[in-house]
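A short write-up of the structure that comes next.
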Amino acid sequence: MAIGTLLYEGKAKKIFSTENPDQVVQYFKDDATAFNAQKRGTIIEKGVINNKVSERLFRLLEQGGIRTHFVERLNDREMLTKKVRIVPVEVVVRNVVAGSVAKRLGLKEGSRIDPAIVEFYYKDDALGDPLVNDDHLRLLNVATPGVLRELREMGHAVNKVLTPFFTERKMQLVDCKLEFGVFHNKLILADEISPDTCRFWDVTTGESMDKDRFRKDMGKIEEAYQEVLARVCG
Ligand code: TMP
């Protein structure tokens with residue numbers, strides 16, 4: 001696989017062209033940021049772990065009938081994916097109260113949310129990725145009502161496949177952030193699914209096994225990421 005030019009560099013990944021106009025390479029970095037990049041750091045081997053965890057979860061979701069951008073994992077840090085036009089909406093699915101929803105609504109962390117809820121955030125670093133509703137996204141010309149309905153349905157569908165998979169591995173999927181893209185006029189799941197983009201709590205101890213350990217300076221960050229890799233891919 002001949003890697004082409006750098007098309008885009010984000011906070012945690014780089015995207016390179018390939019000789020196939022329909023495919024790109026995602027390179028996973030160890031760089032970690034939080035709070036809209038006000039906090040920066042490195043999580044050793046994070047790129048390798050997120051690449052492998054994402055591969056496993058994309059394969060699982062494809063088996064569950066969900067279209068994803070995954071093509072193949074090329075090596076430790078690189079994944080070949082379909083080249084999509086990213087929809088600038090972060091689709092957050094929540095099964096348990098944590099993070100921003102606890103703060104915003106004054107809810108107790110750890111309370112179950114059943115059935116799961118879906119939230120939309122407008123992907124715009126300058127605005128700090130604000131929480132938006134369907135009308136805002138229509139006002140911004142980001143998505144039609146049909147696309148928003150599909151995003152919500154796909155968010156729930158992904159959650160239904162992932163939740164039992166993690167339960168079997170003694171992890172609670174608290175919430176996850178999903179991104180979708182358009183490929184040949186169809187919406188497909190893109191980006192990554194990893195401890196950077198989900199919250200996982202150990203079922204036995206309740207401990208965080210995800211990027212919250214970095215966000216909140218909880219320590220044992222690398223150990224938690226390695227444990228997620230072991231449980232998901234082991
Ligand atoms: P939140 O509770 O801070 O809104 O986060 C919800 C989920 O989204 C959680 O699993 C972490 C993930 N997330 C990202 O992947 N990127 C982000 O920029 C933020 C704020 C959250």
Side-chain angles (χ1 to χ4, degrees), residues 8-13 26 28-41 43 46-47 49-51 53-54 57-58 61 68-69 86-113 116-133 136-137 151-152 154-156 158-163 165-167 169 171-181 189-202 206-218 221 224-225 228 232:
Y8 172 79
E9 177 157 9
K11 286 176 277 204
K13 292 188 293 296
Q26 283 199 144
F28 289 77
K29 305 193 279 187
D30 284 351
D31 301 354
T33 63
F35 315 118
N36 204 10
Q38 288 177 62
K39 175 172 178 156
R40 290 173 181 277
I43 301 174
K46 171 171 87 75
I49 293 167
N50 286 359
N51 190 17
V53 168
S54 291
L57 299 177
F58 282 136
L61 290 165
T68 81
H69 72 159
I86 287 283
V87 178
V89 177
E90 299 192 342
V91 178
V92 170
V93 188
R94 299 185 188 269
N95 298 304
V96 177
V97 172
S100 68
V101 76
K103 227 174 172 179
R104 180 175 299 111
L105 302 182
L107 296 170
K108 195 167 155 329
E109 283 233 338
S111 322
R112 272 211 71 81
I113 304 175
I117 59 165
V118 170
E119 297 171 341
F120 294 141
Y121 293 81
Y122 176 45
K123 253 174 85 75
D124 184 312
D125 282 339
L127 297 174
D129 297 346
L131 176 72
V132 288
N133 67 20
H136 296 133
L137 291 171
L151 288 176
R152 190 173 276 110
M154 287 177 84
H156 282 294
V158 167
N159 188 49
K160 282 207 171 74
V161 173
L162 293 184
T163 296
F165 175 86
F166 284 105
T167 305
R169 286 154 183 80
M171 297 156 79
Q172 184 172 35
L173 178 64
V174 170
D175 52 39
C176 61
K177 185 269 294 177
L178 308 169
E179 296 191 23
F180 294 84
L189 182 63
D191 194 48
E192 65 179 281
I193 311 178
S194 72
D196 271 17
T197 63
C198 302
R199 286 194 176 92
F200 306 122
W201 291 352
D202 182 275
E207 276 198 54
S208 290
M209 305 173 65
D210 56 66
K211 196 172 160 190
D212 268 352
R213 303 199 73 85
F214 169 79
R215 295 188 187 100
K216 300 187 197 170
D217 293 319
M218 297 165 81
I221 304 169
Y225 274 68
V228 171
V232 168

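Read the numbers this way: they start at 1 and go in the same order the structure lists the ligands and their atoms. Here the structure is a predicted model, which is why all the values come from computation and not from measurement. Positions are given from 1, in the same order as the sequence printed here.
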Nearest protein heavy-atom contact for [atom]: which residue, which atom, what distance?
| atom | value |
| --- | --- |
| atom 9 (C) of ligand 1 | Asp175 OD1, 3.1 Å |
| atom 15 (O) of ligand 1 | Lys177 CE, 3.0 Å |
| atom 21 (C) of ligand 1 | Arg215 NH2, 4.2 Å |
| atom 5 (O) of ligand 1 | Arg199 NH1, 3.5 Å |
| atom 17 (C) of ligand 1 | Glu90 OE1, 4.3 Å |
| atom 1 (P) of ligand 1 | Ser100 OG, 3.4 Å |

Which heavy atom of [X] sits nearest to which heavy atom of [Y], and what is that distance?
| X | Y | answer |
| --- | --- | --- |
| Asn51 | Phe28 | OD1-CE1, 3.4 Å |
| Ala190 | Phe58 | O-CZ, 3.7 Å |
| Val53 | Ser194 | CG1-CA, 4.2 Å |
| Val93 | Gly155 | CG2-O, 3.6 Å |
| Phe214 | Ile221 | CA-CD1, 3.7 Å |

Considering the heavy atoms of [X], write down every atom of ligand 1 situated less than 4.0 Å from one of them.
| X | value |
| --- | --- |
| Thr197 | 10 (O), 12 (C), 15 (O) |
| Tyr121 | 4 (O) |
| Asp196 | 15 (O) |
| Ala98 | 2 (O) |
| Gly99 | 2 (O) |

- Identified side chain to side chain contact (heavy atoms under 4.5 Å, CB included) counterpart of Lys11 within the set Asn36, Asp31, Asp196: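 Considering Asn36, Asp31, Asp196, a side chain to side chain contact (heavy atoms under 4.5 Å, CB included) with Lys11 is found only for Asn36.
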- Item | side chain to side chain contact (heavy atoms under 4.5 Å, CB included), paired with Tyr225, selected from Lys46, Met209, Arg213 |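 Per the side chain to side chain contact (heavy atoms under 4.5 Å, CB included) rule, the option paired with Tyr225 is Lys46, out of Lys46, Met209, Arg213.
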- Item | Proximity of Asp210 to ligand 1 by residue part, where a heavy atom lies under 4.0 Å |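 Neither part.
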Does [X] have a heavy atom less than 4.0 Å from any atom of ligand 1?
| X | result |
| --- | --- |
| Lys123 | no |
| Arg94 | yes |
| Val174 | no |

- Item | More than 12 heavy atoms of other groups within 6.0 Å of Lys160 NZ |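 Result for NZ/Lys160: open.
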- Message: Closer than 4.0 angstrom, basic N to acidic O: yes or no for Arg199 and Asp210?
- Response: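 Salt bridge: no.
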- Query: Under 4.5 Å between any side-chain heavy atoms of Arg112 and Gln172, yes or no?
  - Reply: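 A side-chain contact under 4.5 Å exists here.
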- Can you find a protein heavy atom under 4.0 Å from atom 11 (C) of ligand 1?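 There is a protein heavy atom less than 4.0 Å from atom 11 (C) of ligand 1.
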